[in-house]
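Order of the sequence lines sets the chain letters (A, B, ...), proteins ahead of strands, with each chain counted from 1.
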2 protein chains.
Amino acid sequence: MLKEERHQIILNEVRVHNRVLLTDLGEMLNVSLDTVRRDIKKLDEEKKLKKVHGGAISLGFDSYSFKGSQIYSREEKTQIAKKAIALLKEGQVIILSGGTTNLELARLIPEKMKLTCFTPSLPVAIELLSKPNIEVIFIGGKLSHQAQITIGAAAIRYLTQIKFDIGFIGTGYLDSVNGLTEFDWDVVQIKKAIIKASRKTVVLSISEKLNSSQRYKTCDLSDIDTLITELEPNDVSLVPFEKQEIALL
Amino acid sequence: MLKEERHQIILNEVRVHNRVLLTDLGEMLNVSLDTVRRDIKKLDEEKKLKKVHGGAISLGFDSYSFKGSQIYSREEKTQIAKKAIALLKEGQVIILSGGTTNLELARLIPEKMKLTCFTPSLPVAIELLSKPNIEVIFIGGKLSHQAQITIGAAAIRYLTQIKFDIGFIGTGYLDSVNGLTEFDWDVVQIKKAIIKASRKTVVLSISEKLNSSQRYKTCDLSDIDTLITELEPNDVSLVPFEKQEIALL
DNA sequence: TCCTTTAATGCAATATTTTGCAATTTATCT
DNA sequence: AGATAAATTGCAAAATATTGCATTAAAGGA
């Protein structure tokens, strides 16, 4: 393979994907990492891409900005996501709903972990695509402008055909009287379908959302298996919350 | 064998395959590598191809990347996208494939225009979601890490159930010998399905991608209805391109 | 036709480029 | 700080280029 060919392929990769890892290129081009490095160095000198540690990125790359991704305190969500990741096992088939907490979860999945991830969330899907070892399956259909996730009957029907190892439900509102609630009816329908399709349902919620509720109900507390917050389990106050059917993490 | 004959063969080889190895030419032409070298050197001096270490590549092979990622060619893509938007009519149901040109198209759709847009492209979908009047339907399925679009059998099957008013095929490679070609086999399959599902197929291509080809074929030129480039129609050079079955814009 | 001139080709010796490996240093993450 | 991944450097082997030269082929002139 000619050097120029490799260069072309690398540039194409960067153009389409905005970023590329050295290791991926090595496999793709069947050359050593040294060669890829030299190629990238050359292309960088020619100002055709930007060389970075571990790979290269497109020149105009300023990372994706998602609607309202970073409004809330990132730190809490990071804590929640880490706890969630501890539940994952190699080779599992999981589904992530939308929301910034799930986005953080997607971001923190270890590079090396092999998973099959379904999601109806656009931002989550993009985040997952940056991990080569994860097979990403997007649940298609009509998209909600607000939530940036797929809604509607087709998606719900689709979900009835699958059984997931774990379903991660992103931030909603939660109290022990009303259960899980949302303010978007369409989103509720999708979440219901996810819960139904999952062997185990894990809810990720920052503590602020506890003990508050919205108009539309997704499910009862008893329908979920695990609740993860940024707090220590003992500090979680769910009033009244006598029945400890739910694992707190 | 005459020198001129060899030159023609070499040029043709480069034109069709975008590149050629010295050693291959040696075998093909039954002459020493020295002769091939001298031929290629001559053709290089005549600006008919570009001599590189180990062979030769087509001129303009990497001219796109020369302009380096989105930044430089953004303007050209904007021009293309504007022409494409002129084809749209209120209330139509269209489909956009992936690629930066389609992304630009999505970006430039007027706020007020009501449309139903299908797409298998993650970035295009996100862009479309910023327009409240557009109903966005994402074609779900397994996502390509590379191209950030849905690929695979399920998506292709899904596409057989719909008939779109217009299908916009993003930048690929195009010449009149090989037709539309691509880098990525899976992407080719999706584009084929899009073309089949569309009443009218519009190809968006910056002129640099003209007269060059890649490994995998999407369709013949005769399968598309309109070709849009950033150039004036008269300036578009597709050689040989006698049959004007295609509208140039 | 024969000779001369010029261009084209192949060969061989020598340079240059490219590539992969290994050892070391540097950067990154926890 | 320690562990891990990545970058750098020097080096050697392989592939490719270059150069000079000899041979052959073609072209033109007397």
Side-chain angles (χ1 to χ4, degrees), chain A residues 1-11 13-14 17 19-46 48-57 61 63 74-86 88 90 104-114 127 130-134 230, chain B residues 1-11 13-14 19-46 48-57 61-62:
Chain A
M1 172 172 284
L2 296 172
K3 191 172 57 160
E4 272 67 17
E5 277 187 273
R6 288 201 313 271
H7 288 187
Q8 220 266 336
I9 290 170
I10 292 170
L11 285 171
E13 223 24 50
V14 167
H17 201 230
R19 59 171 241 183
V20 68
L21 301 180
L22 281 184
T23 47
D24 289 351
L25 285 176
E27 266 186 55
M28 188 181 305
L29 303 170
N30 268 315
V31 290
S32 74
L33 290 182
D34 301 79
T35 300
V36 178
R37 278 205 190 88
R38 280 185 275 241
D39 286 342
I40 283 185
K41 191 177 169 198
K42 188 118 189 285
L43 292 169
D44 182 74
E45 283 162 1
E46 292 170 0
K48 293 182 183 169
L49 50 66
K50 181 154 177 236
K51 181 177 180 303
V52 295
H53 193 93
I57 58 176
F61 185 70
S63 86
R74 175 90 172 267
E75 210 164 298
E76 295 157 1
K77 300 197 170 179
T78 304
Q79 289 180 273
I80 295 174
K82 279 180 181 169
K83 292 184 191 175
I85 282 169
L88 294 175
E90 190 92 4
E104 190 66 17
L105 169 51
R107 194 169 281 148
L108 293 182
I109 293 175
E111 285 286 334
K112 276 179 285 185
M113 183 172 266
K114 284 199 205 321
E127 191 58 43
S130 69
K131 322 246 173 189
N133 286 318
I134 294 186
E230 81 278 14
Chain B
M1 172 173 289
L2 296 175
K3 191 166 60 156
E4 293 308 318
E5 276 186 89
R6 287 201 312 271
H7 286 191
Q8 283 310 313
I9 291 173
I10 292 171
L11 283 174
E13 204 56 25
V14 166
R19 59 135 216 202
V20 68
L21 301 182
L22 223 50
T23 48
D24 289 352
L25 283 177
E27 268 188 52
M28 189 181 305
L29 303 171
N30 269 315
V31 289
S32 75
L33 291 183
D34 302 78
T35 301
V36 179
R37 277 204 192 89
R38 280 184 274 243
D39 286 343
I40 284 183
K41 192 177 170 196
K42 189 112 191 290
L43 291 168
D44 182 72
E45 285 161 1
E46 292 170 0
K48 304 233 175 96
L49 49 67
K50 185 169 171 208
K51 180 178 181 303
V52 298
H53 193 95
I57 60 176
F61 183 58
D62 65 346

*Asks:* To the nearest Å, give me how far apart NE2 (A/His53) and P (C/dC29) are.
*Replies:* 8 Å
*Asks:* Looking for any heavy atom pair under 4.0 Å, which part of the strands does B/Gly26 touch: base, sugar-phosphate only, or nothing?
*Replies:*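 If one applies the 4.0 Å heavy-atom cut-off, B/Gly26 turns out to touch nothing in the nucleic acid.
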*Asks:* Just the rounded figure in Å: distance from C1' of C/dT30 to CD1 of A/Ile85.
*Replies:*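 My rounded result for the distance is 14 Å.
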*Asks:* Applying side-chain contact (heavy atoms from CB on, under 4.5 Å), can you list everything that pairs with A/Glu45, at least two apart in sequence or on another chain?
*Replies:* A/Lys41
*Asks:* Using five base pairs at each end to define the local axes, how bent is the helix from C/dT1-D/dA30 to C/dT30-D/dA1, to the nearest 10°?
*Replies:*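 Computed from the C1' atoms at both ends, the axes differ by 40°.
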*Asks:* Which atom pairs, donor and acceptor, lie under 3.5 Å between side-chain atoms of residues 26-33 of chain B and protein residues at least two apart or in another chain?
*Replies:*
unit_1	atom_1	unit_2	atom_2	d
B/Ser32	OG	B/Asp34	N	3.3
B/Ser32	OG	B/Thr35	N	3.3
B/Ser32	OG	B/Thr35	OG1	3.2

*Asks:* Tell me which of A/Val52 and A/Arg38 sits closer to the 5' end of DNA chain D, going by the nucleotide each one is nearest to.
*Replies:*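 It is A/Val52 whose nearest nucleotide is closer to the 5' end.
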*Asks:* Can you tell me how far the CD1 atom of B/Ile10 sits from the CD1 atom of B/Ile40, to the nearest 0.5 Å?
*Replies:* 5.5 Å
*Asks:* Taking C-beta and beyond as the side chain, do A/Lys82 and A/Leu108 meet within less than 4.5 Å on heavy atoms?
*Replies:*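 Result yes, sub-4.5 Å side-chain heavy-atom pair found.
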*Asks:* Apply salt bridge (Lys or Arg N to Asp or Glu O under 4.0 Å) to A/Lys42 and list each qualifying residue two or more places apart in sequence or on a separate chain.
*Replies:* A/Glu46
*Asks:* What's the separation between atom CG in A/Leu11 and atom CZ in A/Arg6, rounded to the nearest 0.5 Å?
*Replies:*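 So the CG of A/Leu11 and the CZ of A/Arg6 are separated by 12.0 Å.
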*Asks:* side-chain contact (heavy atoms from CB on, under 4.5 Å) with A/Ala106: which residues, sequence neighbours excluded?
*Replies:* A/Leu96, A/Val124, A/Glu127, A/Leu128
*Asks:* Would you give the length of the straight line joining atom NZ of B/Lys48 to atom CD of B/Gln8, rounded to the nearest 0.5 angstrom?
*Replies:*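 With rounding to 0.5 Å, NZ (B/Lys48) is 7.5 Å from CD (B/Gln8).
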*Asks:* Under 4.0 Å, heavy atom to any atom of DNA chain D: which of residues 29-37 of chain A qualify?
*Replies:* A/Asp34, A/Arg37
*Asks:* With sequence neighbours excluded, tell me which residues meet salt bridge (Lys or Arg N to Asp or Glu O under 4.0 Å) with A/Lys50.
*Replies:* none
*Asks:* Using the test side-chain contact (heavy atoms from CB on, under 4.5 Å), find all partners of A/Leu2 that sit at least two apart in sequence or belong to another chain.
*Replies:*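 With neighbours one apart ignored, the set is A/Glu5, B/Arg19, B/Leu21, B/Val52, B/Ile57.
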*Asks:* Round to the nearest Å and state the distance from A/Glu4 atom CD to C/dT17 atom P.
*Replies:* 14 Å
*Asks:* Taking heavy atoms of chain A and a 4.0 Å limit, find me the 5'-most and 3'-most nucleotide of DNA chain D within that range.
*Replies:*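 It runs D/dA5 to D/dT9.
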*Asks:* Holding to salt bridge (Lys or Arg N to Asp or Glu O under 4.0 Å), I want the full list of residues that pass it with A/Arg37, two or more places apart in sequence or in another chain.
*Replies:* none
*Asks:* Determine the contact category for A/Lys82: base if any of its heavy atoms lies under 4.0 Å from a base atom, sugar-phosphate if only primed atoms, P, OP1 or OP2 are that close, otherwise nothing.
*Replies:*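 It contacts nothing in the nucleic acid.
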*Asks:* So B/Lys51, base contact, sugar-phosphate only, or nothing? Heavy-atom distance under 4.0 Å.
*Replies:* sugar-phosphate
*Asks:* Please give, in whole Å, the distance from C/dT9 P to B/Asp39 CG?
*Replies:*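 After rounding, the gap between these two atoms is 7 Å.
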